[in-house]
Amino acid sequence: MIIMKFGGTSLGTAESIQNVFRIVSERMDRDPVLVLSAHAGVTNSLVEVARTAPGGDADVSKIEDFHRRLLNDLDLPVDLLDEQLGEMADLVRGMALVSEASPRVRDLLLSFGERCSTRLVAAYFKQQGMEAQAVDAFEIGLRTDANFGRARPLADDGRIAENMSKIEGIPILTGFLGRDADGNITTLGRNGSDFSAALFGNALDASEIQIWTDVDGVMTADPRLVKDARQIPTMSFGEASELAYYGGRVLHPAMILPAMEKSIPVRVLNTNNADNTGTVILSAYEESGAPVRAVVHKNDIHLVNLVSPPMLQQHGFLAKVFRIAEAHEVDVDLVATSEVSITMTADRADHLPSFCEELGELGDVTVEPDHALICVVGQGIAHTHGIAAQVLGTLAEAGVHVRVISQGAIKVNIGLVIQQVDLHEAVNRLHSHFF
Ligand code: ADP
Ligand code: ASP
Ligand code: MG
């Protein structure tokens, strides 16, 4: 069997859902299991509702109208999702009553995006004469810890495959969602449906995990930033995970591991151009000649500087710093140290004040917002001389100031931090240089 994951961008309109049906019906011989995101824009709207609900200002009508319009456009009963939409509205009223949006309740609210999209698409498939069943991942056995908003999956004990064997027709699974040991619904983090697809692929021993999106595959840079970005035909798991981790949002970073564990090829495909072969990610690396495969980036990076003269000759200083980062759930992507200072990147703007306050016990802390991270990715970087020199030379010519640079131990990437204002110029210059 294969996993076919369709992202929100592939489910945004009636036409795109009709297109998804065509794509799936042409692949029935491969025994597809579908994993779906919420329709484009719905999760963002739910995030906004979660923010405003405790103050009593939330408006769910936009989300209700969106789904009813889509049902109407597809000639499906407009009351098909009344149960889910009603539950959602009740929850929002409850949040206003108690003036609270705990992480647990927030995840419950966000779950309605995928719970609606799977039911709507399953109903459309049935209307077209294809047997299909919407399945909630949290009912079928996708178990996670209770880290709401970014839950981590627990090892599968075989129950997913066992439960799935009882489903009639094509299973249409919710992406993004799981359940903790107490029965609460959890979410796997934004963009997490890719991760769900890989977890189901692993649990069901899929022969391929297909990620259907709105571009022709993984590209040499984000096509929204670089006009002449090119499609990459094949990549290694190592390259793909660096690319995903350092910003290529086309894939969720955590999805590579479950696929790699069972050597299941991941194929990234375009719903608007289904005949294109897309990008295949495999364990065996195929030498392409070029050492650099992609230039990716991440926005909204904060630089945190810690200056601490006592750090000199002190054992375990970095351990203390990272224990604090862990306690405040701040992910550090890049770090540079000297004898008396540390500069690191931090991603969670919401957790920064408390993180910096505790860090202040170790030395003087300053924060520089408005930075971006660029990552030059390629397996060939490990055995090609002078890539770092080319990267720095190109940026120097462009007048871009580099704040931090790092090369990882597995040597498939060079990471740099620059100012946000320089991002467009820097990525485009590097892309022209290497491609
Ligand atoms: P989906 O709804 O299918 O999950 P996403 O918006 O999450 O879609 O991911 C697809 C988008 O990722 C593309 O439209 C593109 O703008 C962006 N992207 C960023 N970096 C890359 C890259 N290196 N290759 C391809 N797409 C990229
Ligand atoms: N719907 C979720 C989000 O927008 C998960 C996903 O689309 O992958 O983040
Ligand atoms: Mg996505």
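Any value given below was found using the heavy atoms of this structure, including those in side chains, with hydrogens, waters and symmetry copies removed. Model, not experiment: these values are computed from the prediction. Remember, it's 1-based here, ligands and their atoms both numbered in the order they're listed.
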(message) Return all protein N, O or S atoms below 2.8 Å from the Mg ion (ligand 3), chain by chain in residue order.
(response) N191 OD1
(request) For atom CD of E326, decide whether the heavy atoms of other residues, nucleotides or ligands shown that lie under 6.0 angstrom number more than 12. (result) no
(message) Would you say that more than 12 heavy atoms from the other residues, nucleotides or ligands in this model lie under 6.0 Å from the CD of E83, or not?
(response) no
(request) Report the nearest protein non-hydrogen atom to atom 7 (O) of ligand 2: residue, atom name, distance rounded to 0.1 Å. (result) S37 OG, 3.1 Å
(request) Considering heavy atoms of the protein only, find what lies nearest to atom 4 (O) of ligand 2 and give residue, atom and distance to 0.1 Å. (result) R190 NH2, 2.9 Å
(request) May I ask whether G192 has any heavy atom positioned less than 4.0 angstrom from an atom of ligand 2? (result) yes
(request) Mark the output for E114 as yes if a heavy-atom distance to ligand 2 is under 4.0 Å, and as no if none is. (result) yes
Short N-O contact, [X] and [Y], less than 4.0 angstrom:
| X | Y | answer |
| --- | --- | --- |
| D157 | R143 | yes |
| R68 | D82 | yes |
| D136 | R119 | yes |
| E162 | R159 | no |
| E329 | R150 | no |

(message) Give me the atom names and distance for the closest heavy-atom approach of S196 to V35.
(response) CB-CG1, 4.1 Å
(message) Can you list everything that forms a side-chain hydrogen bond (donor to acceptor under 3.5 Å, both in side chains) with T118? Sequence neighbours excluded, please.
(response) none
(message) Which protein residues come within less than 4.0 angstrom of ligand 1, counting heavy atoms only?
(response) K5, G7, G8, T9, N191, W212, T213, D214, V215, G217, V218, M219, A221, D222, P223, R224, G248, R249, V250
(request) Examine the side chains of T220 and H431 and answer whether a donor and an acceptor come within less than 3.5 Å of each other. (result) yes
(message) With salt bridge (charged side-chain N to carboxylate O under 4.0 Å, His left out) as the rule and sequence neighbours excluded, what pairs involving residues 419-429 come up?
(response) E425-R429
